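All values reported here derive from a predicted model rather than from experimental measurement.
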Amino acid sequence: IPKQFAFVFLLLFSSQTFQNKSPFDSFQPIKMAKKTTTKGAGFGGTHDDESKSKEANENFSFDVGTPVWVKDANHAWVAASISKVVSGDLSSGEGTSSFFECTFAEDEDDGRKEKKNNASSAGGNGSGGKGGKGGDLSLASAQPTTIVITKENAKEDLALRERNTEEDMVKLSYLHEAGVLHNLRRRYARDEIYTYTGQILIAVNPFQKIPHLYDQAMMEMYGGAEQGELSPHVYAVAEAAYKQMLSEGGSQSILVSGESGAGKTETAKHIMQYLAHSAKHEDGTSGVEKQVLETNPLLEAFGNAKTVRNDNSSRFGKFTEILFDEEDKISGAAIRTYLLERSRVVRVSDPERNFHVFYQILAGASKEEKSKWRLDGKTFEDFYYLNQSKCVKLERISDVVGYEETQNAMEVVGISESEREDVFGVVSGVLHLGNIDFSPSPEDEDASVVASNAKGSLEDAASVLKV
């Protein structure tokens with residue numbers, strides 16, 4: 001029985017963001033457990049007992065000068081320090097409550113003090129552009145310059161701050177929401193998009209190409225290395241799982257998870273490419289390995305589409321199994337798909353797109369092919385399933401190139417030329433069917449007939465579908 005390698009283990013992380021924003025521009029706070037440590041007044045030592053940990057968090061206090069994070073509606077958390085501590089007395093009914101006065105501070109670790117006056121008035125830490133890294137990360141220009149936090153709200157609105165960053169966040173002194181976001185943001189600003197949390201790899205989508213991260217030299221570097229020996233990388237996770245499969249002789253799993261636009265599709269590609277590289281035969285990549293890799297453009301053509309957040313969003317779930325033989329070389333693969341968004345075929349919201357393959361066939365098919373599929377002289381606007389949205393072309397994805405890649409992928413995986421023609425004939429037929437309208441029957445009020453202006457589309461659909 002061949003060993004199997006199933007994609008079930010890597011956690012991808014991305015903020016709730018549009019593609020033209022930095023992932024930290026509009027990050028929304030998330031609930032995370034606080035880690036109590038011996039650093040900082042009132043937090044006490046580390047406790048395994050949940051009740052002791054909760055009690056420590058509820059009764060903490062801060063001294064003047066303590067660096068802290070202050071919860072902020074626009075930026076999630078803002079760097080500050082305690083400038084004043086007031087211990088009030090409400091026992092008489094005329095006293096004042098206890099509170100901490102916080103002064104917003106320069107976040108020294110960002111290395112971008114010169115940009116503090118360039119923060120966006122709306123976004124605070126800059127738009128970042130599609131490349132992602134620009135803007136003021138210190139947030140020192142946040143208004144007002146001071147804020148008062150009552151002691152009752154301090155456990156929710158304040159968090160101890162440390163200035164260092166870590167490749168593995170379990171090494172952070174304060175493992176809370178503010179500490180996690182600070183660490184990820186600082187590393188992201190240095191193009192370090194990968195960060196560990198123990199055995200889990202967190203990736204923040206850079207929304208730009210970083211070629212040196214995934215070249216042949218990088219694969220060679222991580223080959224044979226233990227996880228944690230080198231900087232965090234998706235190759236390190238793939239190598240660890242591959243090595244464990246070899247040592248234990250059993251199947252391994254990698255989970256690729258994240259919200260739309262997090263980079264799940266690209267990460268799965270990198271994992272498959274690394275496995276193909278690690279398990280290749282001495283004479284180079286075999287035909288089986290090429291077939292496994294070519295499944296990606298094929299699945300993307302028929303299952304991916306542009307959404308508001310992502311130009312290449314997978315509209316289905318995927319479970320991929322890569323099979324290895326007794327020599328630990330790739331011998332095959334099996335892919336199961338789940339929950340394809342079939343409704344997108346007939347209904348598309350502006351400014352999204354339908355599945356890529358519809359645009360590829362119109363942009364990339366030859367004149368002979370278009371004539372065969374009744375597409376000659378027609379554009380995207382001529383088809384109801386495509387003209388519901390004003391978005392037709394993508395900035396960074398060529399439909400002409402996509403059509404060539406889809407045709408090539410189908411050939412590599414073993415789909416014959418006649419079968420490919422039949423597949424694209426069905427794709428064309430779907431487009432023609434979308435243009436068929438109906439009108440009430442003049443002979444039967446409970447019946448409908450094809451509208452007179454749609455009979456051409458009906459004939460086109462029947463021709464290409466061979467019915």
Side-chain angles (χ1 to χ4, degrees), residues 2 4-7 265-266 268-269 271-273 275-276 279-281 284-305 312-325 329-342 344-345 353-376 385-386 397-433 460-467:
Q4 298 180 2
F5 202 111
F7 287 95
T265 299
E266 291 301 314
K269 288 183 192 176
I271 294 173
M272 294 174 70
Q273 289 167 355
L275 292 175
K280 69 181 178 182
H281 293 77
T285 303
S286 71
V288 174
E289 290 152 7
K290 288 181 179 179
Q291 286 182 326
V292 171
L293 294 177
E294 286 300 326
T295 61
N296 288 313
L298 184 54
L299 289 173
E300 287 180 18
F302 289 89
N304 286 26
N312 191 33
S313 178
S314 298
R315 310 314 300 160
F316 63 100
K318 180 172 63 175
F319 185 84
T320 303
E321 291 178 301
I322 299 179
L323 308 179
F324 294 79
D325 59 23
K329 306 303 181 184
I330 295 178
S331 60
I335 300 174
R336 299 181 181 90
T337 59
Y338 304 90
L339 302 175
L340 177 66
E341 187 189 13
R342 289 174 291 182
R344 179 173 291 269
V345 173
R353 293 208 321 175
N354 214 312
F355 293 106
H356 293 327
V357 68
F358 293 120
Y359 304 88
Q360 290 178 359
I361 193 173
L362 287 172
S366 65
K367 292 183 178 179
E368 294 75 13
E369 289 173 328
K370 288 184 177 180
S371 177
K372 184 190 309 177
W373 298 321
R374 302 287 187 103
L375 299 175
D376 44 326
Y385 287 165
L386 305 183
I397 297 179
S398 169
D399 292 316
V400 175
V401 174
Y403 180 75
E404 295 174 356
E405 292 177 344
T406 300
Q407 285 276 19
N408 180 67
M410 295 173 79
E411 181 179 0
V412 171
V413 300
I415 300 176
S416 66
E417 183 176 356
S418 62
E419 289 173 330
R420 295 199 298 272
E421 289 183 1
D422 289 340
V423 169
F424 284 105
V426 171
V427 172
S428 304
V430 171
L431 288 176
H432 293 306
L433 287 174
D460 290 339
S463 174
V464 298
L465 294 175
K466 300 178 181 180
V467 294

Mind running side chain to side chain contact (heavy atoms under 4.5 Å, CB included) on Gln407 and Phe424 for me, showing each step along the way? CA-CA 10 Å; Gln407 285 276 19; Phe424 284 105; 3.6 Å; yes

Run Met410 and Glu294 through side chain to side chain contact (heavy atoms under 4.5 Å, CB included) and show every step you take. CA-CA 8 Å; Met410 295 173 79; Glu294 286 300 326; over 6 Å; no

Applying side chain to side chain contact (heavy atoms under 4.5 Å, CB included), run through Phe358 and Val430 and close with a yes or a no. CA-CA 9 Å; Phe358 293 120; Val430 171; 4.0 Å; yes

Between Phe319 and Thr337, does the side chain to side chain contact (heavy atoms under 4.5 Å, CB included) criterion hold? Intermediate values first, please. CA-CA 6 Å; Phe319 185 84; Thr337 59; over 6 Å; no

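Using a 4.0 Å cut-off between charged nitrogen and carboxylate oxygen, Lys372 and Glu369 do not count as a salt-bridge pair. Salt-bridge check for Lys329 with Glu289: failed, with every basic side-chain N at 4.0 Å or more from each acidic carboxylate O. Under 4.0 Å is where a charged nitrogen must lie from a carboxylate oxygen, and between Arg374 and Asp460 at least one such pair does. One finds no salt bridge joining Arg315 and Glu300 here, because no Lys/Arg side-chain nitrogen approaches an Asp/Glu carboxylate oxygen to under 4.0 Å.
Within the 3.5 Å criterion, the main-chain N or O of Ser398 finds no donor-acceptor partner in the side chain of Tyr403. Of the possible donor and acceptor atoms, none in the side chain of Asp376 sits under 3.5 Å from a partner among the backbone N and O of Lys367.
The shortest distance between side-chain heavy atoms of Phe316 and Leu339 does not fall below 4.5 Å. Looking at Ser331 and Leu323, their side chains come closer than 4.5 Å, going by heavy atoms from C-beta outward. Counting heavy atoms from C-beta outward, His356 and Asn312 have side chains that approach closer than 4.5 Å. Looking at heavy atoms from C-beta onward, Leu293 lies out of side-chain contact with Lys269 at the 4.5 angstrom threshold. Side-chain atoms of Ser428 and Ile361, non-hydrogen and from C-beta on, do get closer than 4.5 Å to each other.
Atoms OG and CZ, on Ser313 and Arg344 in that order, are 7.0 Å from each other to the nearest 0.5 Å. Distance check: Leu298 CG to Ile415 CD1 gives 5.5 Å after rounding to the nearest 0.5 Å. Taken to the nearest 0.5 Å, the CG atom of Asn304 stands 11.0 Å off from the CD atom of Glu341. Note that CH2 of Trp373 is 11.5 Å distant from CG of Leu431, once rounded to the nearest 0.5 Å. Here the straight-line distance linking atom NZ of Lys318 with atom CG of Leu340 works out to 13.0 Å at 0.5 Å rounding. If you take CD1 on Ile335 and CG on Leu299, they are separated by 5.0 Å, rounding to the nearest 0.5 Å.
Considering every non-hydrogen atom in both Pro297 and Thr406, the closest pair reads O-OG1, 4.2 Å. Heavy-atom minimum distance, Gly429 versus Ala461: O-CB, 4.2 Å. Nearest heavy-atom pair, Asn354 versus Ala305, reported as atom, atom and distance to 0.1 Å: O-CB, 3.4 Å. Taking both residues in full, the closest heavy atoms of Ala276 and Ile330 are given as CA-CD1, 3.8 Å, listed atom of the first, atom of the second, then distance. Nearest heavy atoms, Gly425 versus Val464: O-CG2, 3.7 Å.
Considering Asp399, Val427, Val400, Leu386 as possible partners of Leu362, the one that fulfils the side chain to side chain contact (heavy atoms under 4.5 Å, CB included) test is Leu386.
Under the ring-ring contact (aromatic ring centres under 6.0 Å, His included) criterion, Phe355 pairs with no residue, sequence neighbours left out. Qualifying ring-ring contact (aromatic ring centres under 6.0 Å, His included) partners for His432, counting only residues two or more places apart in sequence or in other chains: Phe383.
Sorted by first and then second residue, the salt bridge (charged side-chain N to carboxylate O under 4.0 Å, His left out) pairs involving residues 404-420 (not counting sequence neighbours) form an empty list.
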